[in-house]
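First comes the structure, then the notes that go with it.
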There are 2 protein chains.
Amino acid sequence: MADERTRSFWAWGWDDRLPDHAARELLAAQVGALLDRPLSVAPYPALAEARVPPPRLAVPTELAGFTTDDREARVRHAYGRAWRDLVRGFQGDFSGAPDLVATPADEADVARALAWCAARNVALVPYGGGTSVVGGVECRDPRYAGVLSLDLRRLDALVELDEASRVACIEAGATGPRVEALLAPRGLTLRHYPQSFEFSTLGGWVATRAGGHYATLLTHIDDVTQAVRVVTPAGVVETPRVPASGAGPDPNRLFLGSEGALGVITRAWVRVRPAPRWRYSANVRFARFEDAVEAARAVAQAGLHPANCRLLDAREALLNGVNAAGDAVLLLGFESADHPPDAAIERALALALAAGGACDDGVARRDDGAGSRAAAAQRWRDAFLGAPYLQSGLVSVGVMADTFETCVPWSRFGALHADVLASVGGALRDACGAGAVSCRFTHVYPDGPAPYYTFLGPFDPARALDQWATVKRAASDALARHGATITHHHAVGRTHRPWYDAERPDLFAAALSAARRALDPAGVMNPGVLVDPVSGP
Amino acid sequence: MADERTRSFWAWGWDDRLPDHAARELLAAQVGALLDRPLSVAPYPALAEARVPPPRLAVPTELAGFTTDDREARVRHAYGRAWRDLVRGFQGDFSGAPDLVATPADEADVARALAWCAARNVALVPYGGGTSVVGGVECRDPRYAGVLSLDLRRLDALVELDEASRVACIEAGATGPRVEALLAPRGLTLRHYPQSFEFSTLGGWVATRAGGHYATLLTHIDDVTQAVRVVTPAGVVETPRVPASGAGPDPNRLFLGSEGALGVITRAWVRVRPAPRWRYSANVRFARFEDAVEAARAVAQAGLHPANCRLLDAREALLNGVNAAGDAVLLLGFESADHPPDAAIERALALALAAGGACDDGVARRDDGAGSRAAAAQRWRDAFLGAPYLQSGLVSVGVMADTFETCVPWSRFGALHADVLASVGGALRDACGAGAVSCRFTHVYPDGPAPYYTFLGPFDPARALDQWATVKRAASDALARHGATITHHHAVGRTHRPWYDAERPDLFAAALSAARRALDPAGVMNPGVLVDPVSGP
């Protein structure tokens, strides 16, 4: 698949979608007003000025057909798209670049690359869309002879479609749009829309337990994954293709969240569905944030299974242009390809009103007709998918904008939330001199919400990474204090390791390390994420 | 909790609920007519005549406070309640008895037992309700110095109840009725009803990934388990108490289905809920079994989430006394504590009628009022829970009655079903001279059903185990031929090992073995289930 458009070598997404100078002037004025300081626009960096260390490895004969040490390829595979990555890229620092970039054409190539890396003590980093926000694709361990980035982009075919069972086998390198394009001719969809949808891949979703747009039930890719195929240094693993089983620990669950540390996911069998025909929604505003939280809890515990149950605090509501004459808004949405979900949305709305909400416009009902792929949802999707472009643009006006998300029982949310606002707000003031924090719920469960926080602050280019680290540490420490997970759907990578190491039971880490050793005896698979290789250098 | 009633030492359940002589005369007449041969009733066995080998171990001082080598205790912990167990028990063969039986009062006792077993090369078998149907509690490996059965019955307390988050922490030894009794005063319920409900335990459910009565969504205990606490030989593991997380492979999933091979589950945090107020149901009959299958698929794929979507073939319908003027019946049920599920059941019924069904009585709507614990469901429950008593009674009239269940994509069900009927029917004729096989769906998924088969045949006491093994092998081989899992919700144990070993990827077994070694270096935890200990004798 040749791309007409080019992706930015340092920023989020397509070059032609990054905010241009005029747009950034406007951003600087708006955010400057919010942060009460003047902001100025710096030019975007040029690829020619990227600083890349020379490769430590020569392209080996065994891998020559699909491997390169080309400078631009190395720059483009250096980082994910965390804020740390953006600011380093903006400053031209590509010291994290891999030595080699391989683009295997098939599983045999993948196996060749694994064997070569294992034999030469070369770290192998599986690379999907390059959208990690947790340092998932940047290995800098000096104990390895070098790093090979294994880009799965060429493995993006539809292998099999079982229409009766609504299961598709798709290769791991397929991006979100590619997955949908493969399914659309049969009237089917995966409907897994992480914010990285345009670029992230099916394999990456499985490896990182990616979260999609469904607020309930099918919140993670885990929930639609029937089986996986993984090439490990020890051989190929293919899990049974059954809807459910009670036979021992679920083998899929070893690979869901494995972050490239156990092998390279090459295929996944995923549950697909017809595109929704009916999409109903309602916006409920609340004078008190706490009431909106109670409303979200009531809906989450009622067995209604909304597709959307997104709580926005006042600041998020403002940023999202949603009616917010109060402290919070709860966006309710139901969708179905089978039946109009009137009863469900009416009950959810009644629960929200009973919790103190007000709904001025009532339920918006859309019937897109059978088989339609609606245009209206595209608007929301464009805004949602556009947010990372803004984040990149803000780097050039000296504003740090980042997010973190978690999950916690309802009983602990109130204390957690107060602590996060105070801790992150305090860290922003200390590190940056100003800042703002906002909150929404992206997903809700009967036992608790998944709050998602956004923070903004001015940064000083000379100490940007330290400023960011101070705020990130304050946020992560606050989560840990309340037993909230370090990540609901952004994976562990390298960034979250200290908090993950404290969160996961030590003996589970021991078990996972042992499992890793069985599959990757040389310890070369994406070293640094999740758990350290037991063996290895 | 002192029991007034005594449990049978050989058969299912309470002694006073086993069919008496008159009931068995009737059973013999009915089943004899079905199998076209005369059957006669043999007396139930007496505990005094049970043949038990002498213990190979003396009660150690370290465990003396909670451990015994008492003959009756050993008999009662010898077996689960598989058909093999019933027939051996009926014949007085208790050669599978453990040498010691321990009933720890707390986790410290559990840890003491684990340490002693690890030091002495004694196999430790965690024992919950003793209801395994797959040889899960019978270890006969001669490489161990002996076997200690660790009965968790004393660990059955409610540790904590988080009402806002609807999560209860309950000790692992609590039986189904105990779990419900602990929750009832707060108006809550777990609503996990495996057929073993009366005796099986929360810890056993987690260890075996038990299936409950919900046909969709919350089909396994996995789906309501928030966190677990496990005492392993290497120490205690407690998983994070969060509704969801994207931080690495889910640690709960290592222990869900671990079958006692990794440690002793001592507590679980489970998602609870108010008792349902509305229970709606409809029975739809079909002239053709295939149409009923298509109806079940339509309902499973419509996003309606019925509590019940139970397909019965003609024979099962007859046995269950359900209106069955045709080849199959689909029982639809919806329940809610929050809202009357009219729209959902009406849509499900419409889908079933569109697939060729007929519904004579329409939807039965019950509103039990808020907070009620309905009596009517009790009737179905009594019949459901009574089936294993009949199975035990049939042993005394010379009839083998057993079940097996699986799960398979919709696209493969037709071929699987034809093969199972032919293979198991043929094996029954070959091994027993006659027999009958019936089918129902207990659970349905968007990607496939969980068919549950029952088979009946006369047996010869002198070669009962061989006859059973012939039929079981035919059934299991048929499942394997179609890529259907060896078990949807009855675990692997020792009985399913050959087929499980073929079903699960070899490298997953290697990873699981390695994980096991990390948690149980001496290899004493329930050896024989799932995977063989890497180390050990």
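So you know, we letter chains A, B, ... as the sequences are listed, proteins then strands, and number each from 1.
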Region of A:Leu351 that comes under 4.5 Å of a non-hydrogen atom in chain B = side chain

Where does A:Arg273 contact chain B at under 4.5 Å (heavy atoms): side chain, backbone, both or neither?
-> neither

Identify which of B:Ala343, B:Ala210, B:Ala234 forms the greatest number of heavy-atom pairs closer than 4.5 Å to chain A.
-> B:Ala234

Return yes if some donor-acceptor pair links the side-chain N/O of B:Arg271 with the main-chain N/O of A:Pro446 below 3.5 Å, else return no.
-> no

Sort A:Glu503 into side chain, backbone, both or neither according to what part of it lies under 4.5 angstrom from a heavy atom of chain B.
-> both

Do A:Phe255 and B:Pro249 come within less than 4.5 Å of each other through their side chains, counting heavy atoms only?
-> no

Taking the side chain as every heavy atom from C-beta outward, state whether B:Leu256 and A:Asp250 have any atom pair closer than 4.5 Å.
-> no

Quick one: what part of A:Val236 sits under 4.5 Å from any heavy atom of chain B, side chain, backbone, both or neither?
-> backbone

Largest heavy-atom contact set with chain B, pairs under 4.5 Å, which of A:Asp506, A:Leu262, A:Val272, A:Leu519 | A:Leu519

Is a donor on one side and an acceptor on the other found under 3.5 Å between the side chain of A:Arg297 and the backbone of B:Ala164?
-> yes

Bottom line for A:Leu507: the part with an atom under 4.5 Å from chain B's heavy atoms is both

Under-4.0 Å salt bridge between A:Arg347 and B:Asp338 | yes

For residues A:Ala514 and B:Ala515, report the shortest heavy-atom separation together with the two atoms involved.
-> CB-N, 4.1 Å

Could you tell me whether a side-chain N or O of B:Arg209 sits under 3.5 Å from a main-chain N or O of A:Gly248, the two making a donor and an acceptor?
-> yes

Structural part of B:Ala450 lying under 4.5 Å from a heavy atom of chain A | neither

Heavy-atom distance under 4.5 Å between the side chains of B:Leu217 and A:His305, does that happen here?
-> yes

Keeping the roles fixed (side chain from B:Thr485, backbone from A:Ala247), state whether a donor-acceptor pair exists under 3.5 Å.
-> no

Are any side-chain N or O atoms of B:Ser165 and backbone N or O atoms of A:Ser411, one a donor and one an acceptor, separated by less than 3.5 Å?
-> yes

Can you find a heavy atom in the side chain of B:Leu304 that is under 4.5 Å from one in the side chain of A:His339?
-> yes

